[in-house]
Amino acid sequence: MQEEKIIVIGAGLAGLVAAIELEKAGFNPVIIEADDRIGGRVKTDKVNGFLLDHGFQVLLTAYPEAAKYLDYEKLDLQYFNPGALVLNREDAYRISDPLRQPSRIIEMMFSQVGSFSDKLKIFKWTRALKATTVEQIFKKKETTALQFLKKKGFTNVMIQQFFQPFFGGIFLENELNTSSRMLEFVFKMFGEGYAALPAKGMGAIPEMLAAQLSTTEIMLNQKVEKIGLKSVELENGKRIAADAVIIATNPEKLVPQLKGQFEDWQSVLNLYFESDITPIDEALIGLVPDEGMLINNFCVMNKTAENYAPAGKYLLSISVNDTQGKDDAAVQQEVIRELKELVPELAQAEIRHLKSYLINKALPKIDDYQYSMKPSNSKIQEGLYLAGDYLLNGSINAAMLSGRLAAHAVYEDIKGRGFKS
Ligand SMILES: Cc1cc2nc3c(=O)[nH]c(=O)nc-3n(C[C@H](O)[C@H](O)[C@H](O)COP(=O)(O)OP(=O)(O)OC[C@H]3O[C@@H](n4cnc5c(N)ncnc54)[C@H](O)[C@@H]3O)c2cc1C
């Protein structure tokens with residue numbers, strides 16, 4: 001057992017993985033978490049028998065780092081069907097995944113979204129990505145996702161009808177200004193695994209990480225206010241000594257020298273409704289390319305994971321990237337109107353609002369997206385280390401990876417030995 005005291009600030013995925021790795025190295029870390037529960041941005045509420053994730057999120061099973069820390073079988077993962085349903089005012093079309101659902105190639109080739117050559121390009125691109133490692137993707141020259149797609153020669157129709165709503169829902173911005181590296185990384189992950197939800201909600205992911213901790217103390221409802229010399233100071237004035245501190249959250253407020261460095265984030269408004277009729281009869285994500293509409297994407301959660309709603313009800317999750325200045329009540333009315341326009345079968349449905357989540361700091365905007373980094377780059381000064389998705393890229397994978405790297409940096413400094421990753 002190591003005697004040094006290590007404090008981890010934040011019980012999000014990065015902080016939890018850092019603690020797992022510190023325990024493996026023999027430390028008994030202390031996690032200090034401001035909230036009343038663990039999980040950070042990955043949490044699930046229970047409301048009237050429905051499971052509501054804090055923002056629509058999915059676990060991509062191909063994430064290399066997630067596969068290291070999560071037991072997918074125990075999480076009882078429930079899978080989305082590959083592809084998506086594109087809904088316009090006049091029509092709805094299905095985009096399939098040609099590599100995993102060969103029987104759907106014909107349907108896809110002749111579906112109305114995009115041209116025949118677009119579909120061949122998707123097919124070739126998916127295959128090329130199979131032969132490219134995630135590390136190679138993040139070494140490529142960076143452009144915006146939109147510039148990348150245009151350079152690849154995709155038609156405007158394909159970009160507007162599929163890529164913009166699909167990746168807009170992932171990047172939480174409609175213009176596809178996010179990095180081409182992120183576009184290729186996410187597209188590769190979708191091509192090589194599945195998008196899934198744990199049967200008990202996304203909150204089961206941090207719960208599973210926490211269950212791997214045995215000697216770590218987790219202090220909830222304790223906000224770190226300041227970092228001192230070999231210590232942290234809590235909001236209530238209490239000072240806790242530490243040999244090393246890992247800040248597993250945006251460090252701007254805690255480290256004055258970093259002020260302004262991580263201030264740009266994408267926000268999203270996620271609304272949940274219960275309905276007695278389902279707009280989609282499959283485990284598919286619905287995309288809304290119409291720029292005049294508020295809805296970016298939606299999905300019937302219990303078509304993928306049945307636990308998300310009580311029997312006989314449907315749980316609709318709707319994501320709005322840009323509220324166009326409207327307040328929550330106005331957005332609620334508008335998205336129901338849009339949904340009924342897009343899916344005429346819903347005309348008589350009773351759709352009741354359950355809860356909305358406005359997440360202002362949902363995904364970090366990063367200048368130079370990275371897959372990984374040297375553990376030593378986590379260190380910002382003697383005894384002080386950083387972890388969190390904002391260091392690499394906004395994803396569950398990056399959050400976990402950053403936690404592991406920070407823990408390894410601490411270990412290497414304290415023990416002066418290399419660490420096997
Ligand atoms: C709406 C939405 C959709 C997303 N969709 C996906 C997706 O589909 N797939 C995907 O891979 N990723 C997705 N993500 C991203 C993913 O959720 C994050 O990358 C990841 O959860 C970040 O984890 P983290 O540990 O780095 O940070 P956080 O989860 O932000 O954890 C930081 C923790 O630190 C705590 N904290 C902060 N300040 C203090 C303090 N002073 N003292 C003590 N504690 C403090 C916070 O309370 C929090 O618990 C999405 C995120 C959102 C919000």
Side-chain angles (χ1 to χ4, degrees), residues 7-19 30-43 52-66 70 80 166-167 169-173 182 185-186 189-190 193 195-197 202-203 205-206 209-210 218-227 232-236 240 245-255 262 265-271 285 296-297 299 317 319-321 356-364 366 386-406:
I7 287 181
V8 178
I9 304 173
L13 305 182
L16 292 167
V17 166
V30 176
I31 302 183
I32 305 179
E33 169 55 54
D35 203 358
D36 61 0
R37 56 183 156 150
I38 63 163
R41 273 169 273 160
V42 185
K43 292 195 183 97
L52 310 184
D53 294 333
H54 287 205
F56 176 65
Q57 303 204 33
V58 297
L59 173 68
L60 298 179
T61 58
Y63 279 153
E65 209 62 22
L70 302 175
F80 284 89
F166 186 75
F167 284 102
I170 293 163
F171 302 153
L172 309 181
E173 51 97 7
M182 214 44 200
F185 171 57
V186 173
M189 294 296 104
F190 268 95
L197 298 170
M202 290 295 285
I205 293 175
L209 296 178
I218 302 183
M219 295 167 62
L220 297 175
N221 296 308
Q222 305 285 341
K223 189 169 178 193
V224 174
E225 194 67 29
K226 265 195 219 149
I227 311 275
V232 303
E233 193 178 314
L234 304 184
E235 206 174 28
N236 61 16
I240 307 178
V245 176
I246 296 178
I247 306 178
T249 183
N250 185 346
E252 280 207 326
K253 288 195 185 132
L254 295 170
V255 185
F262 305 106
W265 292 73
Q266 301 292 359
S267 66
V268 67
L269 177 66
N270 178 219
L271 304 100
I285 296 171
N296 172 270
N297 61 64
C299 128
S317 163
S319 299
V320 175
N321 287 350
S356 301
Y357 294 88
L358 173 63
I359 301 156
N360 285 321
K361 290 193 171 171
L363 290 178
I366 296 169
L386 298 181
D389 62 347
Y390 62 89
L391 292 172
L392 300 170
N393 63 78
S395 67
I396 288 171
N397 192 73
M400 291 180 169
L401 178 51
S402 72
R404 174 163 67 84
L405 297 175

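For the numbers below, each heavy atom of this structure counts, side chains included, while hydrogens, waters and symmetry mates do not. When a ligand or atom number is given, it counts from 1 through the structure's own listing order. From a predicted model like this one, the values you see are computed outputs, not experimental measurements. In this chain, residues are counted from 1 in sequence order.
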Aromatic ring pairing F262/Y390, orientation class (parallel under 30°, perpendicular over 60°, tilted between) | perpendicular
CG/L363 to CG/L172 distance, rounded to the nearest 0.5 angstrom?
-> 4.5 Å
When you check ligand 1 against the protein, what N or O pairs turn up below 3.5 Å? List the atom names and distances, or just say none.
{"unit_1": "ligand 1", "atom_1": "8 (O)", "unit_2": "V58", "atom_2": "N", "d": "2.9"}
{"unit_1": "ligand 1", "atom_1": "8 (O)", "unit_2": "V58", "atom_2": "O", "d": "3.3"}
{"unit_1": "ligand 1", "atom_1": "9 (N)", "unit_2": "V58", "atom_2": "O", "d": "3.1"}
{"unit_1": "ligand 1", "atom_1": "11 (O)", "unit_2": "Y63", "atom_2": "OH", "d": "2.6"}
{"unit_1": "ligand 1", "atom_1": "11 (O)", "unit_2": "I396", "atom_2": "N", "d": "2.8"}
{"unit_1": "ligand 1", "atom_1": "12 (N)", "unit_2": "I396", "atom_2": "N", "d": "3.4"}
{"unit_1": "ligand 1", "atom_1": "14 (N)", "unit_2": "Q57", "atom_2": "OE1", "d": "3.3"}
{"unit_1": "ligand 1", "atom_1": "17 (O)", "unit_2": "Q57", "atom_2": "OE1", "d": "2.9"}
{"unit_1": "ligand 1", "atom_1": "19 (O)", "unit_2": "D389", "atom_2": "OD2", "d": "2.7"}
{"unit_1": "ligand 1", "atom_1": "19 (O)", "unit_2": "S395", "atom_2": "N", "d": "3.3"}
{"unit_1": "ligand 1", "atom_1": "19 (O)", "unit_2": "S395", "atom_2": "O", "d": "3.3"}
{"unit_1": "ligand 1", "atom_1": "25 (O)", "unit_2": "L13", "atom_2": "N", "d": "3.1"}
{"unit_1": "ligand 1", "atom_1": "25 (O)", "unit_2": "A14", "atom_2": "N", "d": "2.9"}
{"unit_1": "ligand 1", "atom_1": "26 (O)", "unit_2": "D389", "atom_2": "N", "d": "3.0"}
{"unit_1": "ligand 1", "atom_1": "27 (O)", "unit_2": "R41", "atom_2": "NH2", "d": "3.1"}
{"unit_1": "ligand 1", "atom_1": "29 (O)", "unit_2": "R41", "atom_2": "N", "d": "2.8"}
{"unit_1": "ligand 1", "atom_1": "30 (O)", "unit_2": "R41", "atom_2": "NE", "d": "2.9"}
{"unit_1": "ligand 1", "atom_1": "30 (O)", "unit_2": "R41", "atom_2": "NH2", "d": "3.2"}
{"unit_1": "ligand 1", "atom_1": "41 (N)", "unit_2": "V224", "atom_2": "O", "d": "2.9"}
{"unit_1": "ligand 1", "atom_1": "42 (N)", "unit_2": "V224", "atom_2": "N", "d": "2.9"}
{"unit_1": "ligand 1", "atom_1": "44 (N)", "unit_2": "A34", "atom_2": "N", "d": "3.0"}
{"unit_1": "ligand 1", "atom_1": "47 (O)", "unit_2": "E33", "atom_2": "OE2", "d": "2.6"}
{"unit_1": "ligand 1", "atom_1": "49 (O)", "unit_2": "E33", "atom_2": "OE1", "d": "2.6"}
{"unit_1": "ligand 1", "atom_1": "49 (O)", "unit_2": "E33", "atom_2": "OE2", "d": "3.1"}

Test side-chain contact (heavy atoms from CB on, under 4.5 Å) on I7 and V224 and set out the steps.
-> CA-CA 11 Å; I7 287 181; V224 174; 5.7 Å; no
Residue pair F190 / L60, side-chain heavy-atom distance below 4.5 Å | yes
Indicate whether any N or O donor in one side chain lies under 3.5 Å from an N or O acceptor in the other, for S395 and N397.
-> no
4.5 Å side-chain heavy-atom contact, L209 and I38 = no
